[in-house]
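Contents: one structure, followed by commentary.
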Amino acid sequence: MLNGPKRQERVAVFISGGGSTLQSLLEMQHQIGIELVVTNRRNALGVLKAKRFGKQIVYFNKEMTYEKLSQLLIQNKIEKIVLAGFMKLLPTDFLQSWKNKIVNIHPSLLPKYPGLNSAERCWEDDEDMGVSIHNVIEEVDAGLILLQQTSLNKPKKVEFSEANIFLRKTEQHLLRELAIRYY
Ligand code: GRF
């Protein structure tokens with residue numbers, strides 16, 4: 001007997017920037033049910049991308065608290081959250097409420113190079129560059145690693161801009177894997 005289609009989980013994607021990672025997820029809409037896009041930057045390019053796909057946008061502005069955001073996510077029956085270049089640290093209460101339900105995409109081979117400017121720091125040190133997708137816990141970039149892939153060994157053999165293109169391609173690939181395997 002054939003299996004019916006898998007029920008899609010309802011996902012919110014949090015962004016702050018260009019939204020290239022969001023775009024990869026939006027292009028996987030048969031695999032991942034993105035219901036909401038949350039942003040703390042009204043003018044983020046990613047907002048345009050979300051609108052192009054007809055997604056509802058939630059602005060995390062001054063009037064919005066994490067408690068309100070959590071309620072809004074629950075009202076919208078959100079089950080999972082993907083941080084796709086969201087540049088704000090989530091507070092403990094929010095993390096507790098959404099425990100094991102938030103993943104983050106990070107541009108390094110964790111546990112190496114957590115934190116900001118990871119790709120630049122890897123390249124500077126000529127250390128292997130790559131991407132990790134991990135569960136989000138309180139400690140920054142430290143949760144269980146779900147997917148990880150190297151994008152370039154000895155990256156200083158090319159300019160940073162070129163190394164970054166390899167990294168971006170790996171991000172897109174891993175996000176597609178995430179959509180297929182986890183949602
Ligand atoms: C990506 O490099 C991602 O790995 C990191 O933030 C960046 C987001 O880029 N967490 P974009 O805004 O999706 O283009």
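Numbering of ligands and ligand atoms starts at 1, following listing order.
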For the 3.5 Å polar cut-off, considering only N or O atoms, please tell me whether [X] and ligand 1 meet it.
X   : result
G17 : no
L22 : no
T21 : yes

G46 near ligand 1 by a heavy-atom separation under 4.0 Å: no
Could you identify the single nearest non-hydrogen protein atom to [atom] and state the distance to 0.1 Å?
atom                    : answer
atom 5 (C) of ligand 1  : I105 O, 3.7 Å
atom 14 (O) of ligand 1 : S20 OG, 2.8 Å
atom 1 (C) of ligand 1  : E171 OE2, 3.1 Å
atom 9 (O) of ligand 1  : R168 NH1, 3.3 Å

Output field: ring centroids F60/F14 closer than 6.0 Å: no
Test salt bridge (Lys or Arg N to Asp or Glu O under 4.0 Å) applied to E177 - qualifying residues, sequence neighbours left out: R181
Contact list for residues 48-59, test salt bridge (Lys or Arg N to Asp or Glu O under 4.0 Å), sequence neighbours left out: none
R168 and E171: CA distance, side-chain angles, deciding distance, salt bridge (charged side-chain N to carboxylate O under 4.0 Å, His left out) verdict: CA-CA 5 Å; R168 289 303 185 144; E171 283 181 345; 3.4 Å; yes
Linked, directly or transitively: I105 and V82 (ILVMFWY side chains, under 4.5 Å): yes
Options A84, G19, G85, ranked by nearest heavy atom to atom 11 (P) of ligand 1, top entry: G19
Y183 side chain near K80 side chain, heavy-atom distance below 4.5 Å: yes
Heavy-atom donor-acceptor pair, S108 side chain to Y113 backbone, under 3.5 Å: yes
